[in-house]
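Notes for the one structure printed next.
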Amino acid sequence: MTPRTIDPTPADLKRIAADIALDTPVTMLNLLRFRDQAEYPAGSEQRPCSGRAAYARYSEIAIRHVRAVGGEPVVMADVLGRFIGPDGEDWDEMLLVRYPSLSAFLDMVGNADYQAGAVHRSAALLDARLIVTRTPD
């Protein structure tokens, strides 16, 4: 089984910025698997909730930041099942978010307020994939 991945590493950010021109319009494909119960860091004052509810908390914060950099959500849908893919790699939800450039996306994820809100995303997710695609002209 593939190791669980949730948050980008500094190496992930450096690699993507080196591999893709910063002015490239991108659409990010998010594949999300939620925890049954959100797992906030020890000492957190967050009320207990499901992973989906914690992701909804994150989404309220994230959408403001997406729009502030000129991005927009395109599609959010529940995943019904896996047709092709490895056993155990099942997803609960998929999300497409369009950004005017890779630079805009990187600016957003580097924003301190966005990063503070991402605690809800980390608490919500059991596993995730974030795939960069080129936005069609």
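Numbering of residues begins at 1 and proceeds along the displayed sequence. No hydrogens, no waters, no symmetry mates; every other heavy atom, side chains included, goes into these values.
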To the nearest 0.5 Å, how far apart are [atom1] in [X] and [atom2] in [Y]?
X      : Y      : atom1 : atom2 : answer
Asp92  : Leu31  : CG    : CG    : 10.5 Å
Gln115 : Ser122 : CD    : OG    : 10.5 Å
Arg35  : Ser50  : CZ    : OG    : 12.5 Å

Whether Glu93 side chain and Arg33 backbone form a donor-acceptor pair below 3.5 Å: no
Set out, in order, the CA-CA distance, both residues' side-chain angles and the distance that settles side chain to side chain contact (heavy atoms under 4.5 Å, CB included) for Leu126 and Phe34, then state yes or no. CA-CA 5 Å; Leu126 184 59; Phe34 299 111; over 6 Å; no
Decide whether [X] and [Y] are clustered together by the hydrophobic rule: side chain heavy atoms of Ile, Leu, Val, Met, Phe, Trp, Tyr closer than 4.5 Å, transitively.
X      : Y     : answer
Val97  : Ile61 : no
Ile6   : Trp91 : no
Val66  : Val69 : yes
Leu32  : Leu96 : no
Val132 : Leu22 : yes

Contact summary for [X] and [Y], nearest pair of heavy atoms:
X      : Y      : answer
Ala54  : Ala38  : CB-CB, 3.6 Å
Met94  : Val79  : N-CG2, 3.8 Å
Tyr55  : Ala124 : N-CB, 3.5 Å
Thr5   : Asp127 : N-OD1, 2.8 Å
Val119 : Tyr40  : O-CE2, 4.1 Å

Going by the salt bridge (charged side-chain N to carboxylate O under 4.0 Å, His left out) test, which pairs reach into residues 53-73, not counting sequence neighbours? Glu72-Arg98
Output every pair passing salt bridge (charged side-chain N to carboxylate O under 4.0 Å, His left out) with a member in residues 100-123, not counting sequence neighbours, ordered by first then second residue. Asp7-Arg121
Heavy atoms of other groups near Asp78 CG, more than 12 under 6.0 Å: yes
Taking CZ in Arg134 as the centre, count heavy atoms belonging to other residues, nucleotides or ligands within less than 6.0 Å. Is the count above 12? no
Anything under 3.5 Å between a donor and an acceptor, one on a side chain of residues 8-20, the other on a protein residue two or more places apart or in another chain? List them.
| residue | atom | partner | partner atom | Å |
| --- | --- | --- | --- | --- |
| Thr9 | OG1 | Ala11 | N | 3.4 |
| Thr9 | OG1 | Asp12 | N | 3.0 |
| Thr9 | OG1 | Asp12 | OD2 | 3.1 |
| Asp12 | OD1 | Arg15 | NH2 | 3.1 |
| Asp12 | OD2 | Thr9 | N | 2.9 |

So, do Phe105 and Leu130 sit near enough that their side-chain heavy atoms are less than 4.5 Å apart? yes
With side chains defined as the heavy atoms from C-beta onward, is the minimum distance between Arg129 and Asn30 less than 4.5 Å? no
Test side chain to side chain contact (heavy atoms under 4.5 Å, CB included) on Thr133 and Met28; report intermediate values, then the result. CA-CA 6 Å; Thr133 71; Met28 305 300 279; over 6 Å; no
